[in-house]
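Here's the structure we're looking at; comments come further down.
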Amino acid sequence: METRKIVILGAGHVGTHCAVSLMFQELAETIVLVDEDRQKAESQALDLNDMGACLPRKIVIRAGDYKDLKDAQILVNAIGRSRRPGETRLDMFEDSMERLKDIIPKIRKSGFQGILISITNPADVVGECLRRKLGMDRFRCFSTGTSLDSLRIKRILEEKTGYDRNSIDAFCMGEHGDSQMVPLSHVSIGGKLFLKLQEENPETLGKITLEELQDEVRQAGMTVIEGKGSTEFGIGIALSEIVSAIFHDQKRIWPLSVCLEGEYGQENVAVGIPAVIGKNGVEEIFEIDLNEREKREFDHSCDVIRDYLNKAEEMLK
């Protein structure tokens with residue numbers, strides 16, 4: 001039987017919580033943590049191994065190096081510092097570019113042939129920079145994009161409507177950042193469009209505005225950071241859901257940041273959109289119709305990302 005191996009670059013808050021989620025869902029036989037602080041990676045692996053003693057299935061988790069990438073099916077890029085109070089994700093751009101200068105040659109030299117999922121912020125920019133510099137196919141190198149934002153919009157709508165989040169179909173598109181948008185025309189609860197529910201309930205649901213929803217999603221991450229210093233649990237489960245869709249060939253539709261080549265009228269920009277995930281990574285860009293307002297917001301978000309991708313090209317020459 002094939003042994004599933006996942007390598008995680010970065011043994012900080014995000015990387016280790018991704019490992020925890022992967023272990024609980026039993027998605028790999030081997031998980032390797034790679035960090036410039038080898039002692040930290042070894043200590044995290046030891047702590048996780050202690051936890052693994054209570055899991056029903058044996059999972060090997062250990063510290064490693066870039067040589068481990070050669071036979072890994074999935075590489076997760078979680079290298080980078082936590083966002084600081086008051087910072088946007090784009091404020092982390094220069095720091096992340098410096099880290100890419102270090103890891104790109106190492107990934108290239110490793111002979112990695114699997115699927116690369118990037119989390120490091122600014123997610124859309126970093127994921128696409130990795131893809132371009134490594135010469136990877138756009139469907140095999142992408143970032144988590146608006147995955148976490150989409151989990152947040154479901155939580156927020158549950159709190160505002162009283163309906164269980166598992167009955168809510170909603171997601172975010174665009175940048176994993178301040179220019180992201182919610183395509184409200186595609187949000188539904190129990191199969192009924194949210195806009196229709198608002199018409200039927202003007203004194204309750206009708207008072208929920210798009211601006212209010214989008215602002216709460218955009219501020220959700222910073223609220224956590226100001227309270228405890230980093231986000232970690234939400235992105236951990238988002239990553240494991242993506243990995244599960246790949247390993248189990250689920251053909252699941254999930255928001256990811258993927259390079260567009262004509263879809264949604266956009267070229268050469270990686271941005272959060274719904275995508276079909278299966279054993280080959282992204283297997284299809286799932287295009288939905290956006291109304292005029294949504295299209296303007298999405299195009300603006302693409303322009304924001306494209307501007308930073310152009311800056312990245314200069315920095316990574």
Side-chain angles (χ1 to χ4, degrees), residues 8-21 35-37 40 44 47 76-100 117-127 143-162 165 168 170-182 184 207-242 255-257 271-272 297 300-301 304-305 307-308:
I8 300 174
L9 301 182
H13 291 285
V14 170
T16 50
H17 278 85
C18 285
V20 168
S21 188
D35 197 283
E36 61 182 2
D37 185 342
K40 179 180 181 180
Q44 295 281 37
D47 198 7
V76 178
N77 173 42
I79 285 180
R81 63 173 176 82
S82 298
R83 190 157 52 117
R84 302 183 182 112
E87 276 190 323
T88 69
R89 296 173 182 89
L90 290 173
D91 288 333
M92 303 171 72
F93 170 74
E94 292 188 6
D95 184 77
S96 293
M97 290 302 106
E98 290 302 315
R99 293 172 189 267
L100 288 191
I117 305 170
S118 186
I119 297 173
T120 300
N121 281 317
D124 308 276
V125 179
V126 171
S143 89
T144 49
T146 52
S147 294
L148 180 54
D149 308 292
S150 298
L151 297 180
R152 288 169 173 161
I153 188 63
K154 286 190 175 187
R155 170 183 59 78
I156 291 166
L157 281 168
E158 178 186 63
E159 293 169 354
K160 291 184 176 298
T161 67
R165 69 185 69 183
I168 299 172
F171 53 92
C172 295
M173 294 176 64
E175 177 203 359
H176 176 49
D178 289 351
S179 70
Q180 68 185 230
M181 45 82 68
V182 179
L184 198 63
K207 293 185 177 180
I208 301 173
T209 67
L210 176 61
E211 289 78 10
E212 179 184 4
L213 290 174
Q214 294 193 151
D215 185 61
E216 287 197 36
V217 175
R218 291 166 180 163
Q219 294 301 316
M222 184 51 62
T223 299
V224 174
I225 288 167
E226 289 176 345
K228 62 173 229 171
S230 68
T231 60
E232 50 204 330
F233 297 107
I235 192 60
I237 192 66
L239 183 277
S240 65
E241 290 295 298
I242 296 167
L256 296 172
S257 181
V271 63
E297 291 181 342
H300 167 68
S301 196
V304 170
I305 297 168
D307 180 52
Y308 276 84

Among residues at least two apart in sequence or on other chains, which ones pass side-chain contact (heavy atoms from CB on, under 4.5 Å) with [X]?
| X | result |
| --- | --- |
| Q44 | A11, T16, L33, K40 |
| Q214 | M181, V182, L210, R218, E297 |
| E159 | R155 |

For [X], enumerate each residue passing the salt bridge (charged side-chain N to carboxylate O under 4.0 Å, His left out) test, keeping only those at least two apart in sequence or located in another chain.
| X | result |
| --- | --- |
| R99 | D95 |
| E94 | none |
| D215 | none |

Residues that [X] engages under side-chain hydrogen bond (donor to acceptor under 3.5 Å, both in side chains), provided they are two or more places apart:
| X | answer |
| --- | --- |
| E87 | R81 |
| E226 | none |
| T144 | none |
| N77 | S118, T120 |

Acceptor/donor pairs from residues 230-240 side chains to any protein atom, 3.5 angstrom cut, sequence neighbours excluded:
| unit_1 | atom_1 | unit_2 | atom_2 | d |
| --- | --- | --- | --- | --- |
| E232 | OE1 | H13 | ND1 | 2.9 |
| E232 | OE1 | H17 | ND1 | 3.2 |
| E232 | OE2 | K228 | NZ | 2.6 |
| S240 | OG | S21 | OG | 2.7 |
| S240 | OG | Q25 | NE2 | 2.9 |
| S240 | OG | I237 | O | 2.9 |

Residues forming a ring-ring contact (aromatic ring centres under 6.0 Å, His included) with F93, sequence neighbours excluded: Y308
